[in-house]
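What follows is a single structure, written as structure tokens, with notes after it.
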Amino acid sequence: MGVGMKTWMRCVARRVRTHGDAGMTTSEYAVGTIAACGFAAVLYKVVTSEAVSSALQSLVERALNVQF
């Protein structure tokens, strides 16, 4: 390995140490976005299901009929 290559490698190593990982890459953003959309779709299906809908309706009706 030549002197120029060693100098270049030291510069790269110094830059990585001082700057670190500044953020996510485009592919990480894409995977995160797809995961968030998938989670939102599953959550929407659960919340709009008949069982959850009737449970929420029952809860609201009981809350509105509370005697003070």
Side-chain angles (χ1 to χ4, degrees):
M1 196 174 350
V3 175
M5 185 63 152
K6 287 182 182 180
T7 304
W8 179 80
M9 288 175 58
R10 277 196 303 266
C11 288
V12 169
R14 187 179 315 119
R15 180 167 172 78
V16 168
R17 280 194 310 269
T18 59
H19 294 284
D21 189 11
M24 293 194 305
T25 63
T26 304
S27 60
E28 290 170 328
Y29 277 117
V31 170
T33 301
I34 290 170
C37 290
F39 180 71
V42 169
L43 186 61
Y44 177 77
K45 281 297 207 181
V46 168
V47 170
T48 58
S49 70
E50 185 62 36
V52 173
S53 179
S54 64
L56 287 174
Q57 184 176 0
S58 171
L59 181 68
V60 170
E61 286 175 359
R62 281 188 293 158
L64 292 175
N65 292 326
V66 171
Q67 299 295 321
F68 290 102

Roughly how far, to the nearest 0.5 Å, is [atom2] of [Y] from [atom1] of [X]?
X   : Y   : atom1 : atom2 : result
R62 : Q57 : CZ    : CD    : 12.0 Å
E28 : T26 : CD    : OG1   : 9.0 Å
L59 : S54 : CG    : OG    : 11.0 Å

Listed partners of T33 passing side-chain hydrogen bond (donor to acceptor under 3.5 Å, both in side chains), at least two apart
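Testing T33 for side-chain hydrogen bond (donor to acceptor under 3.5 Å, both in side chains), a comparison that skips the adjacent residues, returns none.
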For T48 and Y44, indicate whether the former's side chain and the latter's backbone hold a donor-acceptor pair under 3.5 Å.
yes
Test side-chain contact (heavy atoms from CB on, under 4.5 Å) applied to I34 - qualifying residues, sequence neighbours left out:
none
Nearest heavy-atom pair of V52 and V47: which atoms, and what distance?
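Smallest interatomic distance, heavy atoms only, reads CG1-O, 3.7 Å.
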